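See structure below.
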Amino acid sequence: MHVRLHLPHPHLPSSKSISNQVHGVMKIFHHEKESEAHQIFRQQVGHQPKPALGLPQTINPDEETVPGIEHPGSTGVIYCSDRAIANGFNYANSHEWANLGQGAPEVGPIPDAPPRPQNIPVPVDSLEYAPTTGVKALREAVANLYNDNYRKGKASQYTYENVCIVPGGRAGLSRVAAVIGDVYCSYQVPDYTAYDQVLSAFKRLVPVPTACKDILTQGLAVVIASNPRNPTGQVIAGKELKELVSLSRENTTIVLDEFYSWYIYPDSEKDIGKSISSAEYVEDVNSDSVVIIDGLTKNWRLPGWRVCWVVGPKNLITALSQSGSFLDGGANHPHFKAKRDHVLKRLHALHLDVDVPPQATFYIWLNLEKLPPPLNNGLTFFEELLKEKTIVIPGTLFNSPCHHYVRLSFGPPIEDLDKGIDAIGRVVAAARQGGTKKMGHNYKKSLESSSGINV
């Protein structure tokens, strides 16, 4: 399949603009060269900078696995978990830590929410292999969910044939990537780290990082994005979402990760409890090339079940069924809004105001630029918090140049959030009182190097 990429003629930047960009790049390069946190990051297998397009790929002996196999590196959350383990974290003592990095909601009972499922009967016939698209009854239930919430009164309705059940969001994304042809495929920056990794695993397509505002002008064949957005907590809604969906009628396939679609924090109380989905703006469920990925993981607070789905045109579901044969064989809104407001208030008290407060998800995209160096860099900020038994995710791990950002999750219980904000307060206070000379170095490389324990 030959695809022509339609790009607008770029405006030539001024010499001052070029000078500022070069200065910014050199500043980042100098900091990375001098930063112990960056050196630790680059020493991890798979984290060496990739060569520029067109340059030969060299082989790093330290990153070799077996002949013909490339090391993919780790996602941001996995890297941060590994670093936390090197600093003494384990799941037996996790109650002593504040994990504001894990991208999962609290799974226990919360006020005014439906009771948590305790057991499920498992009939003998359910132990057999299921169809690669999933059990028909579950597919029908998912179709009804979208019809009831977003398609009342519309002539075109989803049926079970528009639904494919998959064992997790990554599995759904992998199935979709497996059936994308030789095209340019856009993902947003910053966005969920799995997009670049999953898309790059399929050599026929070319992943193109794109700013959301540029989608309409780039003539891309496929666009993948999370909406609501991880890690920034922003959301495309209303007229803007309708305009994005309309691209599906102009030879562009829109793939939307809607895992946070029920974590919406509107200003008006009458809108609390409403969700958002591109399904509302689809005109014909079988001709509009809109693909939705969602599941029980976030919105129903059941991440361990690994029950997710892909919703789209019938012919897509048929293709996903074939790809699946070789690939992988409800939130309480006031509760999470209150947690968001609580964390924002506590950050404000520390003079850490959030540039754009999250409208959705359970993430806060925190700008560190106003902190004294080296604490104003995400990786250093992350390493300093590990000393305080607190985990966050540096912004640079979201395939983005956002070195001075970190992602905080307010998915955990409130007591863990307070524990983490207390730790942030101690680190920030020490830095502002002139304690930065003690920061940026003396990090534990591994658990065994400091305690003699092999992991």
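What you are looking at is a predicted structure, and each value in this text was computed from that prediction instead of being measured.
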Can you give me the closest heavy-atom contact between Ile272 and Pro266, atom names plus distance? N-CG, 3.7 Å

Considering all heavy atoms of both residues, which atom of Trp309 and which atom of Val166 are nearest to each other, and what is their separation? N-CG2, 3.8 Å

Please determine whether side-chain contact (heavy atoms from CB on, under 4.5 Å) holds for the pair Trp365 and Val354, giving the CA-CA distance in whole Å, both sets of side-chain angles, and the decisive distance to 0.1 Å. CA-CA 7 Å; Trp365 193 234; Val354 178; 5.7 Å; no

Is any side-chain N of the basic residue among Asp341 and Lys337 closer than 4.0 Å to the acidic one's carboxylate O? yes

Nearest heavy-atom approach of Pro394 to Cys80 is CD-SG, 3.4 Å

Tyr281 ring centre to Lys242 NZ or CZ under 6.0 Å, with the angle to the axis within 45°? no

How long is the span from the OG1 atom in Thr232 to the CD atom in Gln359, to the nearest 0.5 Å? 9.0 Å

Can you sort out the partners of Glu106 under salt bridge (charged side-chain N to carboxylate O under 4.0 Å, His left out), two or more places apart, ordered by chain and number? Lys339

Any sub-3.5 Å donor-acceptor pair from Gln234's side-chain atoms to Pro357's backbone N or O? yes

Could you tell me whether the side chain of Ile364 reaches within less than 4.5 Å of the side chain of Val343, counting heavy atoms only? yes

Run the numbers on Leu385 and Ile424 for side-chain contact (heavy atoms from CB on, under 4.5 Å), then give the verdict. CA-CA 7 Å; Leu385 281 177; Ile424 291 173; 3.8 Å; yes

Sidechain-backbone polar pair: Asn286 side chain, Pro313 backbone, donor-acceptor under 3.5 Å: no

Please examine the side chains of Thr297 and Phe259, heavy atoms only from C-beta on, and report whether any two atoms are closer than 4.5 Å. yes

How many angstroms lie between CG in Leu379 and CG in Leu397, if you round to the nearest 0.5 Å? 6.0 Å

Which residues pass the side chain to side chain donor-acceptor pair (under 3.5 Å) test with Arg306, not counting sequence neighbours? none

So how far is it from Cys308 SG to Leu173 CG, rounded to the nearest 0.5 Å? 11.5 Å

Arg229 side-chain N/O to Pro190 backbone N/O, donor-acceptor pair under 3.5 Å: yes

Applying salt bridge (Lys or Arg N to Asp or Glu O under 4.0 Å) as the test, list every pair that has at least one member in residues 397-410; sequence neighbours left out. none

Taking side chain as C-beta onward, heavy atoms only, is Arg346 less than 4.5 Å from Asp422? yes

Side-chain donor or acceptor of Ser289 paired with backbone N/O of Thr252 under 3.5 Å: yes

Short side-chain to backbone donor-acceptor contact, Arg116 and Val107, under 3.5 Å: yes

Nearest-0.5 Å distance that lies between atom CD1 in Ile391 and atom CG in Leu408: 12.5 Å

Phe362 meets the ring pair (Phe, Tyr, Trp, His ring centres under 6.0 Å) criterion, sequence neighbours left out, with Tyr260, Tyr263

Closest non-hydrogen atoms of Gly101 and Ile393, given as atom of the first, atom of the second and distance, are O-CG1, 3.5 Å

Just wondering, do Val311 and Val142 contact through their side chains at under 4.5 Å, heavy atoms? yes

Looking only at heavy atoms, the pair that brings Thr390 and Ala423 closest together is OG1-CB, 3.2 Å

Hey, are the side chains of Leu368 and Asn377 touching, using non-hydrogen atoms and a 4.5 Å cut-off? no

Run the side-chain contact (heavy atoms from CB on, under 4.5 Å) test on Thr253 and Val291 for me, step by step, so that the C-alpha distance in whole Å, both residues' side-chain angles and the decisive distance to 0.1 Å come before the verdict. CA-CA 8 Å; Thr253 296; Val291 183; 4.1 Å; yes

For atom CD of Glu269, is the number of surrounding heavy atoms from other residues, nucleotides or ligands below 6.0 Å larger than 12? no

Under the salt bridge (charged side-chain N to carboxylate O under 4.0 Å, His left out) rule, collect the residues that match up with Glu283, sequence neighbours excluded. Arg249

Let me see the working for Leu366 and Leu352 under side-chain contact (heavy atoms from CB on, under 4.5 Å), right down to the final yes or no. CA-CA 8 Å; Leu366 181 62; Leu352 290 172; 4.3 Å; yes

How far does CZ of Arg83 sit from CG of Leu386, to the nearest 0.5 angstrom? 6.5 Å

Using modelled atom types only, decide if a donor and an acceptor are shared between the side chain of Glu36 and the backbone of Tyr443 within a distance under 3.5 Å. yes

Would a distance-only check, ignoring hydrogens and angles, find a side-chain to backbone donor-acceptor pair under 3.5 Å from Asn93 to Asn90? yes

Are side-chain heavy atoms of Lys298 and Pro105 found at a separation under 4.5 Å? yes

Residues that Ser278 engages under side chain to side chain donor-acceptor pair (under 3.5 Å), provided they are two or more places apart: Glu258

Any side-chain donor paired with an acceptor under 3.5 Å for Ser261 and Asn299? yes

Tell me every residue that passes salt bridge (charged side-chain N to carboxylate O under 4.0 Å, His left out) with Glu140, counting only those two or more places apart in sequence or in another chain. none

Please confirm whether the backbone N or O of Ile236 pairs with a side-chain atom of Asn227, one donor and one acceptor, at under 3.5 Å? yes

Nearest heavy-atom neighbours spanning Pro231 and Tyr363: O-CB, 3.5 Å

SG of Cys164 to CD1 of Ile317, rounded to nearest 0.5 Å, is 5.5 Å

With Trp97, which residues qualify under ring pair (Phe, Tyr, Trp, His ring centres under 6.0 Å), at least two apart? Phe89

Whether the side chain of Arg139 engages the backbone of Asn162 through a donor-acceptor N/O pair (distance < 3.5 Å, no angle test) should be reported. no

Residues passing the salt bridge (charged side-chain N to carboxylate O under 4.0 Å, His left out) test with Glu280, sequence neighbours excluded, are none

Surrounding CD of Glu96 (heavy atoms of other residues, nucleotides or ligands, distance under 6.0 Å), is the total greater than 12? yes

Just jot down the side chain to side chain contact (heavy atoms under 4.5 Å, CB included) partners of Pro121, sequence neighbours excluded, or say none. none

Got a sec, which residues hit ring pair (Phe, Tyr, Trp, His ring centres under 6.0 Å) with Tyr150, two or more places apart in sequence or on another chain? Tyr146

I'd like to check Val285 versus Gln157 (side-chain heavy atoms, cut-off strictly below 4.5 Å). Are they in contact? no

Side-chain H-bond candidate by donor/acceptor type, Asp416 with Asn99, under 3.5 Å: no

Check whether any side-chain heavy atom of Asn230 lies under 4.5 Å from a side-chain heavy atom of Phe398, and answer yes or no. yes

Among pairs that include at least one residue of residues 142-167, which meet salt bridge (Lys or Arg N to Asp or Glu O under 4.0 Å), considering only residues two or more places apart or in two chains? Glu161-Lys314

